[in-house]
Amino acid sequence: MNIIILCGGKGERLRPFTESIPKPLVTIKDKPILWYILKQLSSYKLDDIHVMTGYKGEMIDSYLKKNFAEEQIKTFNNGDVDIIERIKHIVGLNNLQDLLILYGDTISDVNLCDLITKAQENKNPVTLTIWPLVSQFGIVELDENNNVTAFKEKPKLNKWINIGYIYIKTEMFTTITEFGTFESFLKAIADNKKLSAFKHEGHHFTVNNVVELAHAEKNIHKIII
């Protein structure tokens with residue numbers, strides 16, 4: 001299995017941090033986001049890793065050579081392209097192994113053994129990991145007479161978001177080449193009922209902006225690596 005970590009975005013919503021470094025190297029408790037991702041993969045003995053860079057990719061190369069020199073990590077700087085072009089690059093190098101795709105700004109305690117097993121057993125060729133959406137606001141609950149019955153502070157909602165950890169079987173590689181964006185690829189296979197969901201209800205942090213960075217900094221101890 002080939003593992004892809006997507007680290008090519010500019011991280012514009014995380015400025016000013018990303019004016020000088022790429023988003024995967026932004027630190028949480030003095031460790032870069034990428035460090036947490038690699039440590040999780042290492043804990044599952046997953047080591048055939050491809051880090052796909054773009055914006056300030058040379059800094060990621062330097063970090064990996066200095067801190068993970070003994071790991072089987074390859075880096076590829078594809079420039080400013082859509083995610084699907086980064087995936088096509090790896091498919092072109094080795095189309096005989098399934099893919100596990102992670103986002104370079106996301107830290108989670110997804111059980112990778114469970115995910116991989118269920119994805120491989122699933123009849124659908126693609127499995128997407130999802131996490132329950134948490135409201136940014138407190139929720140007021142009402143009865144049929146509009147009486148307030150309860151307050152819930154930032155509850156998890158009955159909606160789900162994509163957090164990456166996407167498993168793609170080799171049978172989909174030809175289909176991938178037909179699309180110009182990863183978003184259109186996922187939409188098309190969902191429309192054709194070829195996309196399954198793996199529900200993760202543990203801890204998860206995506207770092208898109210300074211608010212999410214502060215939240216991750218406060219709660220990163222909940223992630224057990």
Side-chain angles (χ1 to χ4, degrees), residues 1-11 13 23-24 37 40-41 44 46 48-55 74 76-134 156-208:
M1 181 178 63
N2 284 317
I3 298 162
I4 295 176
I5 306 177
L6 299 170
C7 296
K10 294 180 179 179
R13 288 183 288 169
K23 184 159 61 167
I37 297 170
Q40 181 194 30
L41 292 172
Y44 284 91
L46 298 172
D48 196 358
I49 299 169
H50 305 76
V51 176
M52 314 305 289
T53 70
Y55 176 70
K74 304 179 184 69
F76 302 88
N77 191 329
N78 304 106
D80 186 13
V81 297
D82 188 83
I83 288 172
I84 204 161
E85 298 303 323
R86 306 186 195 282
I87 296 171
K88 289 176 185 178
H89 185 109
I90 300 305
V91 168
L93 293 176
N94 185 346
N95 60 9
L96 300 178
Q97 295 187 49
D98 294 351
L99 296 178
L100 178 63
I101 301 169
L102 283 66
Y103 296 150
D105 61 0
T106 296
I107 303 168
S108 182
D109 56 5
V110 171
N111 187 313
L112 296 181
C113 286
D114 284 353
L115 166 61
I116 292 168
T117 298
K118 291 181 180 179
Q120 291 174 340
E121 293 175 347
N122 201 306
K123 64 179 181 62
N124 285 333
V126 182
T127 300
L128 176 79
T129 303
I130 59 175
W131 188 72
L133 178 63
V134 177
K156 290 184 178 180
L157 307 178
N158 190 27
K159 299 291 182 181
W160 299 80
I161 61 173
N162 165 24
I163 61 169
Y165 298 87
I166 304 165
Y167 194 97
I168 302 179
K169 297 178 182 177
T170 56
E171 65 193 78
M172 289 302 291
F173 289 176
T174 299
T175 302
I176 286 174
T177 63
E178 300 171 358
F179 290 87
T181 68
F182 195 47
E183 181 180 0
S184 62
F185 166 71
L186 291 177
K187 184 179 186 304
I189 61 173
D191 290 343
N192 290 316
K193 301 188 185 307
K194 293 184 177 180
L195 179 62
S196 292
F198 177 81
K199 290 183 175 180
H200 172 61
E201 299 192 62
H203 298 295
H204 155 77
F205 307 106
T206 292
V207 183
N208 279 317

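Side-chain atoms are counted along with the backbone in the values below, which use heavy atoms only and exclude waters and symmetry mates.
Remark: side-chain polar atoms of His50 are paired, donor with acceptor, to backbone N or O of Ile3 under 3.5 angstrom. A donor-acceptor contact shorter than 3.5 Å is absent between the side chain of Thr127 and the backbone of Ile166. In this structure, Arg86 contributes its side chain and Gly79 its backbone to a donor-acceptor pair below 3.5 Å. Looking at Gln40, its side chain never comes within 3.5 Å of a backbone N or O of Ile107 through a donor-acceptor pair. Between the Asp82 side chain and the Phe182 main chain, a donor and an acceptor come within less than 3.5 Å of each other.
The list of salt bridge (charged side-chain N to carboxylate O under 4.0 Å, His left out) pairs with a residue in residues 88-114, not counting sequence neighbours, reads Lys23-Asp105, Glu85-Lys88.
At most 12 heavy atoms of other shown residues, nucleotides or ligands fall within 6.0 angstrom of atom NZ in Lys194.
For Asn124, the side-chain contact (heavy atoms from CB on, under 4.5 Å) partners are Asn122, Ser196, not counting sequence neighbours. With sequence neighbours excluded, the residues satisfying side chain to side chain donor-acceptor pair (under 3.5 Å) with Thr181 are Ser184. When the ring pair (Phe, Tyr, Trp, His ring centres under 6.0 Å) test is applied to Phe205, the partners found at least two apart in sequence or on another chain are His215. With sequence neighbours left out, Lys193 forms a side-chain contact (heavy atoms from CB on, under 4.5 Å) with no residue at all. With sequence neighbours excluded, the residues forming a side chain to side chain donor-acceptor pair (under 3.5 Å) with Asn78 are His89, listed by chain and number.
Considering every non-hydrogen atom in both Leu195 and Leu186, the closest pair reads CD2-O, 4.0 Å.
The OG1 atom of Thr175 lies 9.0 Å from the CG atom of Asn192; values are rounded to the nearest 0.5 Å. Separation of atoms CD1 (Ile87) and CD1 (Ile101) is listed at 3.5 Å; rounding is to 0.5 Å. Here the OG1 atom belonging to Thr117 is positioned 9.0 Å from the CZ atom belonging to Phe198, to the nearest 0.5 angstrom. To the nearest 0.5 Å, the span separating CE on Met52 from NZ on Lys74 amounts to 11.5 Å. Atom OH in Tyr167 sits 12.0 Å away from atom OG1 in Thr129 (nearest 0.5 Å). In this structure, the separation between SG on Cys7 and CG on Leu102 is 9.5 Å, given to the nearest 0.5 Å.
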> After noting the C-alpha distance and the side-chain angles of Ile176 and Ile84, does the key distance pass the side-chain contact (heavy atoms from CB on, under 4.5 Å) rule?
Replying inline: CA-CA 8 Å; Ile176 286 174; Ile84 204 161; 3.8 Å; yes
>> Between Tyr103 and Asn162, does the side-chain contact (heavy atoms from CB on, under 4.5 Å) criterion hold? Intermediate values first, please.
In response: CA-CA 10 Å; Tyr103 296 150; Asn162 165 24; 2.9 Å; yes
> Given the rule in the side-chain contact (heavy atoms from CB on, under 4.5 Å) test, do Lys10 and Asp80 qualify, once you have shown the distances and angles that lead to the verdict?
Replying inline: CA-CA 9 Å; Lys10 294 180 179 179; Asp80 186 13; 3.8 Å; yes
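Below 30°, between 30° and 60°, or above 60°: for His204 and Trp131 the angle between ring planes is between 30° and 60°, a tilted geometry.
You'll find the side chain of Trp160 reaches within 4.5 Å of the side chain of Glu201, heavy atoms only. Residues Phe185 and Met172 meet the side-chain proximity criterion, which asks for heavy atoms closer than 4.5 Å.
Applying side chain to side chain contact (heavy atoms under 4.5 Å, CB included) to Ile5 and the options Thr53, Ile49, Thr106, Leu100 leaves one that passes, Ile49.
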